[in-house]
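Since the model is a prediction, treat every value here as computed from it, not as a measurement.
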Amino acid sequence: MGSGDEDLEEEVVDGDVNQNWTPQEKELHEARIKAKAKRRLRRNSSRDSTRDSLSEAGELIEVDPNSPKGKTNDRKSRMGKGRGLPKKGGAGGKGVWGAPGVVYGYQEPDAHDPNYDESSQGDTIYQKVVPELDEGDLEKNVHPMVQEYFEHGDTGEVIALLKELNLGRKSHEFPSLAVSLSLEGKASHRELTSRLLSDLVGKIMTSEDIAKAFDKMLKELPDLILDTPEAPQMLGQFIARAIADHALPLDFLDRYKGQVDCEHARAALDRAAVLLKIKREIVRLDNVWGVGGGQRPVKHLIKEMNLLLKEYLTAGQVSEAQHCLRELEVPHFHHELVYEAVLLVLESNGEAPVGMIVKLLKGLWETGLVTLDQMNRGFQRIFDELPDISLDVPLAHTIMENMVDLCYAEAVITKQLRDACPSRGRKRFVSEGDGGRIKL
């Protein structure tokens, strides 16, 4: 609005109210009076703390100098204290980066800062975080791991797999699960488990972790007996072997003196104590589970198989013979049993019951204890040695042919193996109607 308009407006405002004005014209006149007073107040205002204020009726009111109303744009402290210096020493206010002459030191970047730039902070190192396994996941990972270990027997592979898992406070659960699985397996599995416990100490867990695992198993013996009646004796052997291998603390048995109420736990601890008292116990405890099948000398295995055959011919129980063969734990050597069985028939000049041997071979074939490859290897060894055997047993070829025919009839061997059986012709003379010729 120009200066001429302002003068004209002031004249209108200063004039008296016309009695002929309508209510709308009167309200407009009052509004102009208030606007004029505000403009005059803004022009005449100063930087001191005393200002004029306008009331509702448009009258000017003197404001208290101590009132904060007139200090809206004042940068001095409003607390009523201090020396009247600027707030923050002059370093506050919009667009101000600090007091003049202040040099700030280095500050570590804050990752929560909206302006934080990760790429400008140098190389970033990422670390893999593996969550701690709960009880369900632990069993899910441990069971196949232990079953595979029973097949390959490599403790280093098990240790490498365990390092990838975060056992956390459940590190003692692995030994207890491994021992529980071996109780339901073979003697060779228990031997492998004892070796594993010895190798785990110092690499994955401590001897106190192993002790905690056996503490748990001693408490669970009443449940373990339901599936494995010999669990107390076996667990005692595990404890004795672990102490001898320094996988358990030497004072493990002393901790339980006079503190065992369960009869099964007491039987296990007594078994361990007896084994440890045997003279030269460490040498004895190395074989506490016996010698594994694959580690036995070949002569010993042959002797065991001959004894198995003699017991079978005496008792005639195929199931008992199968059980004894399983206990040897040498499936790769079952061809030796086939060889010894056939050789037994040949060396007896047919006096041994051929039918019983054929029945035994049939039972071993049907149950899968002797595979096709093992059966063929056993018979082929006999075929290869038949010329030497016939020197001591003249009727070896005849007996062999009869036995091969019986085995083929019982579906023990294949037609190809039957046809591979060597046969030796006999000399025939003129009296047999060959026209005076001798044939072979």
Run the side-chain contact (heavy atoms from CB on, under 4.5 Å) check on Leu177 and Val146 step by step: do they pass?
-> CA-CA 9 Å; Leu177 289 173; Val146 174; 6.0 Å; no
Side chain of Asp209, backbone of Thr206: donor and acceptor closer than 3.5 Å?
-> yes
Side chain proximity check, Leu183 to Leu224, heavy atoms < 4.5 angstrom | yes
Side-chain ion pair, Asp419 and Lys415, N-O less than 4.0 Å | yes
Check: Met145 and Leu162 side chains under 4.5 Å, non-hydrogen atoms = yes
Which atom pair, heavy atoms only, marks the closest approach of Ala211 to Arg255?
-> CB-NH1, 4.0 Å
Would a distance-only check, ignoring hydrogens and angles, find a side-chain to backbone donor-acceptor pair under 3.5 Å from Arg241 to Ser194?
-> no
If you look at every heavy atom in Met217 and Ser180, which pair is closest and at what distance?
-> CE-OG, 3.5 Å
Could you state the interatomic distance from CG (Leu395) to OG (Ser390), rounded to the nearest 0.5 Å?
-> 10.5 Å
Can you tell me how far the CE atom of Met403 sits from the CZ atom of Arg418, to the nearest 0.5 Å?
-> 15.5 Å
Parallel, tilted or perpendicular: which fits the ring planes of Phe379 and Phe383, with parallel below 30° and perpendicular above 60°?
-> tilted
Would you say Tyr312's side chain and Met356's backbone share a donor-acceptor pair under 3.5 angstrom?
-> yes
Determine whether Ile302 and Tyr339 make a side-chain contact, defined as any pair of heavy atoms from C-beta on separated by less than 4.5 Å.
-> no
Gln237 side, atom CD; Glu191 side, atom CD - distance, nearest 0.5 Å | 11.0 Å
Examine distances only and state if a side-chain atom of Asn141 and a backbone atom of Asp137 form a donor-acceptor pair shorter than 3.5 Å.
-> yes
Heavy-atom check, side chain of Pro175 versus side chain of Leu197, under 4.5 Å | yes
When rounded to the nearest 0.5 Å, the distance separating CG of Leu343 from CD of Glu336 is 9.0 Å
Dump the intermediate steps for side-chain contact (heavy atoms from CB on, under 4.5 Å) on Tyr408 and Leu417, then the final yes or no.
-> CA-CA 9 Å; Tyr408 178 72; Leu417 184 62; over 6 Å; no
Looking only at heavy atoms, which two atoms of Leu192 and Gly153 are closest? And how far apart?
-> CD2-CA, 4.2 Å
What pair of heavy atoms forms the shortest contact from Thr367 to Gly363, and how long is it?
-> OG1-O, 2.9 Å
Evaluate the side-chain proximity of Trp365 to Leu372: yes if any heavy-atom separation is below 4.5 Å, no if none is.
-> yes
With no hydrogens and no angle check, is any side-chain donor or acceptor of Asp154 less than 3.5 Å from a backbone partner on Gly156?
-> yes
If you measure from the Lys or Arg side-chain nitrogens to the Asp or Glu carboxylate oxygens, is any gap between Asp254 and Lys257 under 4.0 Å?
-> yes
Have Asp199 and Thr155 got a donor and an acceptor in their side chains that come within less than 3.5 Å?
-> yes
Partner residues of Lys170 under the side-chain contact (heavy atoms from CB on, under 4.5 Å) criterion, sequence neighbours left out | Glu132, Leu138, Glu173
Can you tell if the side chain of Ile382 reaches within under 4.5 Å of the side chain of Leu346, non-hydrogen atoms only?
-> yes
Determine the interplanar angle of the Phe214 and Phe252 rings, folded into 0 to 90°, and report it as parallel if under 30°, tilted if 30 to 60°, perpendicular if over 60°.
-> perpendicular
Minimum heavy-atom separation for Ile243 to Pro249, with atom names?
-> CG1-O, 4.2 Å
So, the side chain of Ser348 versus the backbone of Val345: is there a donor-acceptor pair under 3.5 Å, distance only?
-> yes
Identify the two heavy atoms, one from Leu221 and one from His264, that lie closest to each other, and give their separation to 0.1 Å.
-> CD1-O, 3.5 Å
Answer yes if the ring centres of Phe174 and His172 are under 6.0 angstrom apart, and no otherwise.
-> no
Check the pair Leu361 / Val370 against side-chain contact (heavy atoms from CB on, under 4.5 Å), numbers first and verdict last.
-> CA-CA 8 Å; Leu361 295 178; Val370 177; over 6 Å; no
Mind checking whether Val158 and Tyr149 have side chains closer than 4.5 Å, heavy atoms only?
-> yes
Close side-chain approach of Ile357 to Leu313, heavy-atom, < 4.5 Å = yes
Hey, could you give me the CG/CG distance between Leu276 and Leu253, rounded to the nearest 0.5 Å?
-> 6.0 Å
Intermediate values then yes/no, side-chain contact (heavy atoms from CB on, under 4.5 Å), Leu218 and Leu235 | CA-CA 8 Å; Leu218 287 172; Leu235 189 58; 3.7 Å; yes
Separation between CD (Glu230) and CZ (Arg271), nearest 0.5 Å, reads 10.5 Å
